[in-house]
Protein chains: 2
Amino acid sequence: MIKTLEWTDAGVRFIDQTKLPTEEVYVTCATYQEVADAIFTMIVRGAPAIGVAAAMGVALGVRDAKADSVQELRPQFEKICEILAATRPTAVNLFWAIRRMKEKFESVAGQPVDSIKQALIKEAQQMYLEDIAACEAMGRNGAMLLPRSGGVLTHCNAGALATCGYGTALGVIRSAVASGSKINIYADETRPFLQGSRLTAWELNQDGIPTTVIADNMAAAMMKQGKIGAVIVGADRIAANGDVANKIGTYSVAIMAKEHGIPFYVAAPWSTIDLATPDGDHIPIEQRSATEMTHFSGKQITPTGIRVENPAFDVTPHKYVTAIITERGVAKPSYSESLQQLSRNEPVPA
Amino acid sequence: MIKTLEWTDAGVRFIDQTKLPTEEVYVTCATYQEVADAIFTMIVRGAPAIGVAAAMGVALGVRDAKADSVQELRPQFEKICEILAATRPTAVNLFWAIRRMKEKFESVAGQPVDSIKQALIKEAQQMYLEDIAACEAMGRNGAMLLPRSGGVLTHCNAGALATCGYGTALGVIRSAVASGSKINIYADETRPFLQGSRLTAWELNQDGIPTTVIADNMAAAMMKQGKIGAVIVGADRIAANGDVANKIGTYSVAIMAKEHGIPFYVAAPWSTIDLATPDGDHIPIEQRSATEMTHFSGKQITPTGIRVENPAFDVTPHKYVTAIITERGVAKPSYSESLQQLSRNEPVPA
């Protein structure tokens, strides 16, 4: 199993996703600042993985804080949370994870400092285990939605590398394959960071699931040729009305799927659902460095001084989304209702 | 003015489009085989430029052929034509240009060998001049279709670098700007060969036309944000029913434009219109080397052994095309009728 991230005594250990697929290198972040840097520089990425990485970063920072009392610990804890929260704005799992660590802190604030530290470390490790369990549940819930054969398109990487293991969209794919589906995967390469060609292709290749890498601009042609029977992607934040923020280009894929009559599925853990955000217009979209667009592996690919855009995410309006697969169940339109039902742990009508 | 290609006594001189935008390097092909290689390796690319390059390649090969009679020259001429025709399958301008050189050959076949050689050189140079004139006429015919301000999206490079000068889609943009339109251009980077980020951005930057490079997967997000008021692209072959083969990804852009209610224009010289091909299903689509997808500037970006697809073109069905801008006039639906009218040089009703 791919160890995307891991709590160790020496710090938080990550597979370095900037080095894949040609180098499998692991880095250990010995301080919470190093964890924050790893999130910002995308050594670790993917909304669920970012959430747990941040929780582990908080636990690491608190563990190493010098404090004899909760009064001394609290301002350090708050600063640690603040720095980790400032790494990336779109994936709501980051804020969800930090909020959960804050709640845990308050719930044990009356205990000795060492107990608080142990409780936070345990909470982060618990979130790690819950993330894997959620991915496996998504897999079970979503597997039967995919076609039993033919091509399935995915965009970016919503796999083991985007989570603590198994994956969201790729978890559903893994589960479908495990249950006997003879599907083959088309992976959009996903410019500019190439999560598809570098990461999705790498991890599906490791599992022996047949995978074809295509440029983002080839997906519509593949659909027209009948090569794609379903689309499944992950999410960085899902608003209360079902609008989905995910990797830039997801919206394009959703439009193409609609145009070709192909179902478009989103798989995400409940921590990605943000019922406090009414719709996609209220989701902050991260703008990343121009260098990701102007250079490739150190080589300049645009004329000097040219303007570029580099939004890391886009919003797919809920009308394009066939279903949202979570560990709690599968939400279908109207999402304003079905997501509320899942939030109350009520069954959603099929 | 950018000298994309040029007849010189030493051979056919090209700006090396594989080196742009960081190096402005010119190469002179001293033999017709070198011209064929330049087309195949995309030192020169773009349907109209490929056509004229092939004509100049034919002229060069014939000029240097050792022949004392037309009987000795003809088999050499046919072999030259065959080798140049085998370079790339989709752009119909290649075959159009070679056919025109064959017609010229037959029309002067009764003359002395030296006269035949001179006539073919002159014909290729004439095609060069006609190509520039056609681009300028497309510019005049199409400029008023573009919005007077705001953003215009283009895909791939249909500019001076894709023609003998001025450009097709970018010629229309240049003409609009020259007539006072305050438009800014969004250039899809156009994976995998990056004609947009490397070539379109470079030539528009040289002209001082404000240009923003985006990844192919960002176009829909820009449209939703209201940043794009029109799309204009070139073409490699247009079938009798108006279906348009153009750089891979064009079909995606057309779907996105339709979904956002944005007009989608195609600009192409008459030599790109292939009335002998009934529809897009009959257009051969070139598949290029996997290496273009698996490596970038020598760096491996996919896991070893992964499958990739690399179709160089796709077909946009005519129902997505708002108008086809040619030097003969602007065709609108139904294209089966309007293209026939233009072929007879009849005016097309506005």
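By convention in this document, chain letters (A, B, ...) are assigned in the order of the sequence lines, proteins followed by strands, and residues within each chain are numbered from 1.
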Given a strict heavy-atom distance threshold of 4.5 Å, which part of [X] is in contact with chain B: side chain, backbone, both, or neither?
X: A:Thr294; answer: neither
X: A:Tyr186; answer: side chain
X: A:Gln225; answer: neither
X: A:Gln300; answer: both
X: A:Leu194; answer: side chain
X: A:Lys247; answer: neither
X: A:Val253; answer: neither
X: A:Met223; answer: neither

Angle between ring planes, A:Phe296 versus B:Phe296, binned at 30° and 60°: parallel, tilted or perpendicular?
tilted

Side-chain donor/acceptor of A:Lys224 to backbone N/O of B:Tyr251, under 3.5 Å:
no

As an exercise: rank A:Leu199, A:Asp216, A:Thr250, A:Asp188 by heavy-atom pairs under 4.5 Å with chain B and give me the winner.
A:Asp216

Between A:Asp314, A:Asn310, A:Ile255, which has the largest tally of heavy atom pairs under 4.5 Å with chain B?
A:Ile255

Considering all heavy atoms, the nearest A:Asn217-B:His155 contact:
ND2-CE1, 4.2 Å

Between A:Thr212 and B:Arg307, which heavy-atom pair has the shortest distance, and what is it?
OG1-NE, 3.0 Å

What distance do B:Glu189 atom CD and A:Arg191 atom CZ have between them, rounded to the nearest 0.5 Å?
4.0 Å

